[in-house]
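One structure is given here, and the rest of the page talks about it.
Keep in mind it's a predicted model, so treat the numbers as computed, not measured.
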Amino acid sequence: GAVVSQHPSRVICKSGTSVKIECRSLDFQATTMFWYRQFPKQSLMLMATSNEGSKATYEQGVEKDKFLINHASLTLSTLTVTSAHPEDSSFYICSADRALTEAFFGQGTRLTVV
Amino acid sequence: QKEVEQNSGPLSVPEGAIASLNCTYSDRGSQSFFWYRQYSGKSPELIMSIYSNGDKEDGRFTAQLNKASQYVSLLIRDSQPSDSATYLCAVNVDYFNKFYFGSGTKLNVKP
């Protein structure tokens with residue numbers, strides 16, 4: 001089946017620094033990818049829709065200047081958490097859309113900001 | 001965010017019993033409905049998808065959809081301890097697989 005690879009799986013960073021998370025579709029082209037965030041014991045919350053070659057679309061309440069999304073190719077979307085703070089510590093998951101089939105999720109990235 | 005509601009549980013059932021998980025959604029424009037299973041610290045994995053009213057069966061799993069009442073349910077027959085996980089209900093409202101998730105129901109299957 002289709003595979004979506006997310007990297008890194010875990011990252012610890014200092015408060016105030018930026019962290020980049022990559023999401024790759026390994027065996028299909030994904031014109032659209034999605035980024036979710038999951039706090040402990042809560043569900044996945046859609047953050048933004050990443051569109052290849054155009055600006056991302058953010059859900060209400062998500063700061064676009066803090067969560068920078070770049071979808072430079074049909075197989076890669078990146079999420080950069082800028083000026084990270086402890087409250088940004090969360091589980092970030094991407095999914096890639098292959099039209100007319102199920103969505104494929106990455107393995108997730110556990111971000112801890114200290 | 002579109003509203004998708006689930007009972008957080010935990011729902012405890014004995015091994016071999018039927019587990020019933022329920023979900024309601026607010027957007028009548030929702031077109032597709034999914035049940036995902038998520039183990040702690042892992043990404044969700046697809047269990048069932050359902051697109052039209054009625055029942056859909058796949059092995060021990062049956063999804064039920066009622067668009068008029070805006071609810072979708074998942075039945076797990078012959079529950080096994082390995083079914084213990086959090087079950088997420090997800091809906092999407094457009095062509096793309098952009099999901100809005102419920103808060104999840106934690107299922108415990110006791111041996």
Quiz item: Is a salt bridge present between B/Arg77 and B/Glu57, judged by a nitrogen-to-oxygen distance below 4.0 Å?
Solution: yes

Quiz item: Checking B/Gln38 against chain A: side chain, backbone, both or neither under 4.5 Å from a heavy atom?
Solution: side chain

Quiz item: Which of these passes ring-ring contact (aromatic ring centres under 6.0 Å, His included) with B/Tyr36: A/Tyr36, A/Phe105, A/Phe104?
Solution: A/Phe105

Self-check item: Under 4.5 Å from a heavy atom of chain B, the part of A/Gln38 involved
Solution: side chain

Exercise. Assess whether atom NZ of A/Lys66 is packed by more than 12 heavy atoms of other residues, nucleotides or ligands within 6.0 Å.
Key: yes

Quiz item: Should the heavy atoms of other residues, nucleotides or ligands under 6.0 Å from NZ of A/Lys20 be counted, would the total exceed 12?
Solution: no

Quiz item: For the candidates B/Ala90, B/Ser49, B/Pro44, which exhibits the highest count of non-hydrogen atom pairs separated by less than 4.5 Å from chain A?
Solution: B/Pro44

